[in-house]
Amino acid sequence: MQPPKRIERTTVRRVVRLFQPYRMLVLWTVLLVLLSAGLGLLSPFFLRKIVDDGLLKADYAVVAEYSILTLVATLLVIVSQLAYGYMSVVVGQDIMRDLRNGLFAHIQGMSMRFFTSTRTGEIQSRLANDVGGVQSVVSDTAANTLSNVVTVVSTVVVMAILDWRLTVLSVGVVPIFAFLGKLVGDQMRTVRKRSQEQLADLNATMAETLSVSGALLNKTSGRQALSLERFRKVNQAMTGTNVFMAMIFRMFGAVFGLTFQVTPTLVLWLAGYLIYRSPGSITIGTIVAFTSLQSRMFFPLTGLLSTQVEVTAAFALFDRIYEYLDMKQDVVDAPDAIAPAEVQGRVEFDDVSFRYEDDQDRSTLEGLSLVAEPGQLVALVGPSGAGKTTLTYLIPRLYDAESGTVKVDGLDVRRWKQEALTREIAVVTQETYLVHDTIRENLRYGKPEASEEELVAAAKAAAIHDHISRLPEGYDTVVGERGYKLSGGEKQRISIARAILKNPRILILDEATSSLDTQSERLIQSALAPLMQGRTTFAIAHRLSTIQRADQILVMVAGRIVERGRHEELLALGGEYARLYHVQFEHEAVGSDR
């Protein structure tokens, strides 16, 4: 097993900074902890008074008076503990909220490189399990640790006042167990990190297998047994790690429990010896009070040593959280980014090259230049892998070009504010993604503040309103995960309605009708026509009708534009486009003539 990783000071400072926005609540928590600890010290003194001056002297008035005082002090301790407990939970939950919000916002701001190289289940595990794993540390540990420290220190001081000899025996074992706690904590940190990594792997396996797409793949391929075996393997590994982690903690507790049971016996033995050697040097009330204080010390001391283990282990989770928070966002707003007031929709590529991180051997786009004037329809054609989709990814800055510039209205997209840029671009793809919500809320992704009249108008323009109206719950129909309750054509028309609501200046159609049946395709083509009107449109097309209407056709091969022009010009040229036309589109043209 690898040696435990040392806790970095920078991580400790970052964790401490999480509490800064809640300084006043933390201050009140500290004051209440001190009050609780101070009140708790009164009871042993009252107990000594009850025994020595009440019970042993048969003075009922003393017993009654100090019993009432003990009860009042105990109630005040409980009230103060509830108060600082509430405040610590509020602070902890607010910090948890801030961590989740910050991590979610940071991950959401990552470019597509991150999402294409990271499993969804791993991301979900960081957000849910890792942040959830530190909940007890930020919610309870800070206040409890302060309370335990104050209680232990004040109790030891009072014990020393009562009898320093008994105190030396009581606290003499503490350094040994503090050292043992550090060793166990370091080991727990290593094991806890491995456990969270295995949990992330388990979540990723479940997300891949139990999603609608994963379930469909397993059922149609008959590979349920293979998926189950993968799950069992990951699950077994995590089970073994968790058993090991639990046994470390139990052994740790068993040793402490043994010590704290033996020590009071040793104290009573020493007290008896001191009374034997010097009768009257220690009163019975002092021994009772000291024993009470000893119990008061041992419980928080156990909490401190356990906290040492828990906090050390929790830093493994903080490391995983900050690992994501420290990831550099490679697509960010420039310091001088602007949001132009009026957008025409002119798109220009100037000697643009790009390659994906996992494919450094070849460029996906190389030396690519083009100009799309406002309102033009630009068709992108070429074999699979030619770079057509990647070209469209660079316009809304899903990725940034490695070299060259992509401009919208003459301004480099890297100098646009991302929110302003994406507001002017709508994308309709072959695979439409719908969230597990109502049709109405899915439409509002195009325009969150859209009125009911605007939603209906957009749905009518996309030729989907009549179908929605026939559904039992209409626009309140829940579409299911990824929209699986709807057909491909219905999802596509909702996607088009979203784009209509957005009213963009630039429209990207990525093979929007290539996998649909003829009837659905005709409906969608009729819906696309008004959407494309007056907008700069990039269409990755597999249909001849779209290409024939294009103002310019860009023929791409291996990341380069090898031909450009209108349909008739390129056919007359007799080059790559003519070859693609004869292979892919000629039968469609013949069919349309009949």
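Index from 1, following the sequence. Model, not experiment: these values are computed from the prediction.
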(request) Carefully, step by step, assess L42 and L69 under the rule side-chain contact (heavy atoms from CB on, under 4.5 Å). (result) CA-CA 9 Å; L42 296 176; L69 290 174; over 6 Å; no
(request) Output, in order, the C-alpha distance, side-chain angles, deciding distance and verdict of side-chain contact (heavy atoms from CB on, under 4.5 Å) for L35 and L39. (result) CA-CA 6 Å; L35 176 63; L39 291 170; 3.9 Å; yes
(message) Run the side-chain contact (heavy atoms from CB on, under 4.5 Å) test on T74 and I78 for me, step by step, so that the C-alpha distance in whole Å, both residues' side-chain angles and the decisive distance to 0.1 Å come before the verdict.
(response) CA-CA 6 Å; T74 302; I78 292 173; 4.2 Å; yes
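Among residues two or more places apart in sequence or in another chain, the ring pair (Phe, Tyr, Trp, His ring centres under 6.0 Å) test is passed with Y475 by H465. Taking E65 as the reference, nothing meets the salt bridge (charged side-chain N to carboxylate O under 4.0 Å, His left out) condition, with sequence neighbours excluded. With sequence neighbours left out, the salt bridge (charged side-chain N to carboxylate O under 4.0 Å, His left out) criterion links D412 to R414. Every residue meeting the salt bridge (charged side-chain N to carboxylate O under 4.0 Å, His left out) condition with D476, not counting sequence neighbours, appears here in chain and number order: R440. With sequence neighbours excluded, the residues satisfying salt bridge (charged side-chain N to carboxylate O under 4.0 Å, His left out) with D94 are R97.
Note that OH of Y22 is 6.5 Å distant from CD1 of I95, once rounded to the nearest 0.5 Å. Taking CZ of R423 as the start and NZ of K447 as the end, the distance is 12.0 Å to the nearest 0.5 Å. Atom CZ in R397 sits 11.0 Å away from atom CD1 in I425 (nearest 0.5 Å). Between atom CG of residue L455 and atom CD of residue E441 there is a gap of 8.5 Å, rounded to the nearest 0.5 Å. Put simply, OG on S80 and CG on L34 are 10.5 Å apart, with the number rounded to the nearest 0.5 Å.
Pairs passing the ring pair (Phe, Tyr, Trp, His ring centres under 6.0 Å) check and including a residue from residues 60-93, sequence neighbours excluded, read F46-Y66.
Between L411 and I338 there is a side-chain heavy-atom pair separated by less than 4.5 Å. Between I50 and V62, the closest side-chain pair of non-hydrogen atoms is not below 4.5 Å. With a 4.5 Å cut-off on side-chain heavy atoms, L99 and I321 count as touching. The shortest side-chain heavy-atom distance between D98 and L18 does not fall under the 4.5 Å cut-off. In this structure, R23 and Q20 have side chains that are in contact, with non-hydrogen atoms separated by less than 4.5 Å. The shortest side-chain heavy-atom distance between L32 and M87 falls under the 4.5 Å cut-off. Counting only heavy atoms from C-beta outward, the side chains of I494 and L443 approach each other to under 4.5 Å. Side-chain contact between L421 and V413 is present, with heavy atoms from C-beta onward closer than 4.5 Å.
Side chain of R444 to backbone of A450: a donor-acceptor contact under 3.5 angstrom is found. Between the side chain of H106 and the backbone N or O of M327, at least one donor-acceptor pair lies under 3.5 Å. Side-chain atoms of S67 come within 3.5 Å of backbone N or O of V63 as a donor-acceptor pair.
Taking a 6.0 Å sphere around CD of E452, one finds it holds more than 12 heavy atoms contributed by other residues, nucleotides or ligands. More than 12 heavy atoms of other residues, nucleotides or ligands sit less than 6.0 Å from atom NZ of K502.
Nearest heavy atoms, T422 versus P396: CG2-O, 4.1 Å. Taking each heavy atom of Y445 and R498 in turn, the nearest pair found is CB-CD, 3.8 Å. Taking all atoms of both residues into account, the shortest heavy-atom contact from R415 to D336 is NE-OD2, 3.2 Å. The nearest pair of heavy atoms linking Y324 to L103 is CB-CD1, 3.7 Å. Minimum heavy-atom separation, A337 to D333: CB-CB, 4.2 Å. Shortest non-hydrogen contact noted between P21 and R17 is CD-O, 3.7 Å.
With a 6.0 Å cutoff to the six-membered ring centre and a 45° limit on the axis angle, R14 does not count as a cation-pi contact of F318.
Side-chain atoms of D400 and Y393 form no donor-acceptor pair, as typed in the model, at a separation below 3.5 Å.
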